[in-house]
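Presented below is the structure to which this report refers.
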Amino acid sequence: MWLNKLNPQQREAVQTTHGPVLILAGAGTGKTRVITHRIAYLQQKGVMPHNILAVTFTNKAAREMQERVRALLPRKKSPSKQDGPAHTKPTICTFHSFCVRVLRRYIDKLGYKRNFVIYDQSDQIGVIRKLTSDWSKSNINIKPAEWLGFLSRLRNTSSLDALGLDPSTAKLAQRLMERYNTALQACNAVDFDDLIILTLRLFEEHPEALTACREMYRYVMVDEYQDTNGKQFQLIHALTSEHRNLCVVGDDDQSIYGWRGAEIANLLNLEDHYPEVKVVKLEQNYRSTSTILNAANGVIRNNPLRKDKTLWSQKGHGTPIRLILFETDEEEANGIVEEIEVQRISTHIPWKEQAILFRTNLQARPIETALRSAKVKYRLVGSQSYFDRREVKDVLAYLKVMINPDDDISLLRIANVPARGLSAKTMQTLLQISQDRKTSVYAVMRHTDVLDRLHTAARRSAQSFIEFIEGCRQFLQEEGQGNVAAWAKGFLEQTGYFVDLEHSEKDPKVAENRLQSAHELVSSIDSLTDALGTVTGEARLIRFLEEITLDQDRFENEDDLPDAVTLITMHSCKGLEYPHVHIVGMEQGLLPHTRSVEEGTLDEERRLFYVAITRAMESLTISHCESRKKYGQIVPSHPSRFLTELPEECVEHVDSVFHRPASQEKGSAMFDALKASLDF
């Protein structure tokens, strides 16, 4: 049986199925294996699949879990149509996807329509830009993206004091939040914060909805529990406070997202809410060598508030961690790239097995320069997303308007793309009227008294646009059960969008790439909604827009990436692993970051270093510089205080990549000098 492949602690975690369980899963200890085996074990013990809920933070992790669970269980005959798809498998999804499922069923109780659209970050910024346009002449110098950050924190904490703003700006934030909430509801739109906030509001105001969800989800599991925020905890507690069958999997040592609302106290203080909780520790690491793990243990034990655990491995001692001092950041970049090339040529290590980790995105510039100079292929994780492309935004805006024409952000984007006589001035007039009437732009366009305010050509254009939208939407609602992708391609051709897109680029190759990108997006509608069976085109399109809004990494095709070195920030690398890791810029002011002392987040910075160390499987190189270029000026740098926390026996000091390791006496002297330089 597959349970025999688990170690004793993993098996205990899997077989403890009733009551609250806290699985403390250290880095690389097989937490995904435990979660998936636990889901399969519950089903083997007779729990109905639809009574199981597992939530995580990324759709990629959810898909991996789904695939592993399917592989563990014997295949069964296809369910009958009467059973329905919701009852054939456990619900494994993200927090946001779970809330969408609940809100699609009950959101009308809160005054929304069930065909609501979900605004991503760019849509949200568009709303804020619209709402603050009349503030441009004031002395408030805050960008829309910053306002969005303030609003998100305010809506999740309900505390103006937590924003750290001066009183006048805090009042503006409160006012903006009220206008923002009103604007979204007028457009029948919700954002990512709303998905959880509205679900909690639903449970509070309509307890029958909460009761139905509790009865449905009798066994609840939460992955990456250390990353949950206050609202997410409230959601999980509401679902499980009666039946108590809650299993959370997490690692307080990898809690690195406090800056975006994660509350490590949810894990550390779980016993306060579930006194009977059983704690199972997973400490056997299957990823890294003993040297790497000993270094990680040595660093993280300096954090006072943590659940005690010690990672260990049977992979052998491995090579020492190489600590390298460079004179400048450019020398550091060149030295790391040279080492990567030497390893590729001498020991045939491909580029894709190498990763360079850094604290801030600005550190990538000299590294990219060195890689290009050496003709080394690389990929910078976090660079322009597929969904940031103009043509992708245009197509999605068109599709969103077909579902919900009251979506102002999408409507304003495509109203005159391609040009159809609805100029920016015309749309601004309509927008102002809609704000005065507290309704959507599309709603005011349908009123004769509003159109009469426009000049003749603009009035005709607006009427023609409305007729076009209504005609397309009628197909979706009445006849669109077949090929929705063909329908979408057809109406985009009818608008002249593809021709306009092609002519908007001078470079034929760029134009061809944009056209291909748009066509591929449209073509994916049917493939992503095949599982729905025979439903209306509107239902297919709603599901498609949900999938790509909540699961944008699906389109990044990471599995098809060529042989290339990975450049990635430490915050982005959690959950990943690489055979050979290079951590650069281990200096005071970078890691720990300058703000950490002021904000009291030094422990989180140490956890960030711990996460970076534990990404390495076979070898780890850590480097720092004597000086670094900052805003065009060369400024002195000092080694990170965290370097002194590395156990001396795990580290090999070298002066540069190609120098021989220092002798034991010289290495000790270098370590003492390092400590002295930090005034310890």
Side-chain angles (χ1 to χ4, degrees), residues 96 116-160 162-197 229 257 259-261 360-362 382-390 392-394 396-397 400-401 404 406-417 424-425 427-436 438-441 549-550 552 571 595:
H96 293 114
F116 62 86
V117 294
I118 304 169
Y119 276 4
D120 62 16
Q121 187 178 45
S122 63
D123 296 327
Q124 293 173 266
I125 290 175
V127 174
I128 291 173
R129 185 175 288 114
K130 180 179 70 173
L131 295 177
T132 59
S133 60
D134 56 340
W135 297 359
S136 58
K137 296 181 181 180
S138 68
N139 294 324
I140 302 299
N141 189 25
I142 300 177
K143 297 179 180 178
E146 292 178 280
W147 277 123
L148 179 59
F150 294 149
L151 293 193
S152 181
R153 288 165 58 192
L154 180 57
R155 297 167 83 208
N156 280 286
T157 64
S158 302
S159 172
L160 281 170
L163 300 183
L165 300 174
D166 63 82
S168 61
T169 307
K171 287 182 180 179
L172 274 179
Q174 181 71 45
R175 175 184 162 200
L176 178 59
M177 185 180 72
E178 294 168 359
R179 295 180 64 186
Y180 175 84
N181 291 339
T182 300
L184 258 65
Q185 185 158 7
C187 297
N188 196 37
V190 301
D191 63 17
F192 285 97
D193 288 334
D194 280 329
L195 292 175
I196 295 179
I197 291 170
N229 61 28
Y257 299 127
W259 51 277
R260 68 183 188 195
T360 67
N361 283 305
L362 290 175
S383 56
Q384 186 187 33
S385 166
Y386 172 86
F387 288 89
D388 288 334
R389 301 175 188 174
R390 173 167 61 90
V392 172
K393 286 179 174 291
D394 289 345
L396 290 180
K400 288 178 180 179
V401 167
N404 176 21
D406 292 320
D407 175 358
D408 280 357
I409 299 303
S410 297
L411 183 78
L412 292 171
R413 183 179 184 90
I414 55 90
N416 208 41
V417 178
K425 183 178 179 181
M427 298 311 297
Q428 184 62 42
T429 299
L430 294 171
L431 176 61
Q432 186 59 55
I433 296 172
S434 73
Q435 290 178 331
D436 293 341
K438 295 184 179 180
T439 186
S440 69
V441 173
T549 303
L550 298 174
Q552 295 192 350
H571 279 105
R595 293 192 304 268

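One finds the CD atom of Gln428 at 10.5 Å from the CD1 atom of Ile433 (value rounded to the nearest 0.5 Å). Here the CD1 atom belonging to Ile409 is positioned 9.0 Å from the CZ atom belonging to Arg129, to the nearest 0.5 angstrom. Within the model, atoms CD1 of Ile197 and OG of Ser152 stand 7.5 Å from one another, a figure rounded to the nearest 0.5 Å. Note: Met177 CE to Ile128 CD1 = 12.0 Å, rounded to the nearest 0.5 Å. Leu172 CG to Thr132 OG1: the interatomic distance, rounded to the nearest 0.5 Å, is 10.0 Å. Taking CG of Leu430 as the reference point, atom CG of Leu412 lies at 9.0 Å (rounded to 0.5 Å).
Of the charged side-chain nitrogens involved, none lies within less than 4.0 Å of a carboxylate oxygen, so that Asp408 and Arg413 do not count as a salt-bridged pair.
Judged purely by atom type and a 3.5 angstrom limit, Tyr119 has no side-chain atom pairing as donor or acceptor with the backbone of Val127. In terms of modelled atom types and a separation under 3.5 Å, the side chain of Asn404 and the main chain of Cys187 share a donor-acceptor contact. Side-chain atoms of Asp194 come within 3.5 Å of backbone N or O of Asp191 as a donor-acceptor pair. Judged purely by atom type and a 3.5 angstrom limit, Gln432 has no side-chain atom pairing as donor or acceptor with the backbone of Thr429.
Taking all atoms of both residues into account, the shortest heavy-atom contact from Ser434 to Leu431 is OG-O, 2.6 Å. Ala173 and Leu151 get closest at one heavy-atom pair: O-CD2, 3.5 Å. Closest of all the heavy-atom pairs between Lys438 and Ala186 is O-CB, 4.4 Å.
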Take Trp147 and Leu131, measure what side chain to side chain contact (heavy atoms under 4.5 Å, CB included) needs, and give me the verdict at the end. CA-CA 11 Å; Trp147 277 123; Leu131 295 177; over 6 Å; no
What verdict does the side-chain hydrogen bond (donor to acceptor under 3.5 Å, both in side chains) test give for Asp120 and Thr549, after you've listed the backbone C-alpha separation in whole Å, the side-chain angles of each residue and the deciding distance to 0.1 Å? CA-CA 7 Å; Asp120 62 16; Thr549 303; over 6 Å; no
Does the side chain to side chain contact (heavy atoms under 4.5 Å, CB included) test come out yes or no for Leu195 and Leu550, once each step is laid out? CA-CA 11 Å; Leu195 292 175; Leu550 298 174; 4.1 Å; yes
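Phe192 meets the ring pair (Phe, Tyr, Trp, His ring centres under 6.0 Å) test with His96; sequence neighbours excluded. Partners of Arg179 under the salt bridge (Lys or Arg N to Asp or Glu O under 4.0 Å) rule, at least two apart in sequence or in another chain, do not exist in this structure. Gln121 is linked by a side-chain contact (heavy atoms from CB on, under 4.5 Å) to Gln124, Ile125, Leu148, counting only residues two or more places apart in sequence or in another chain.
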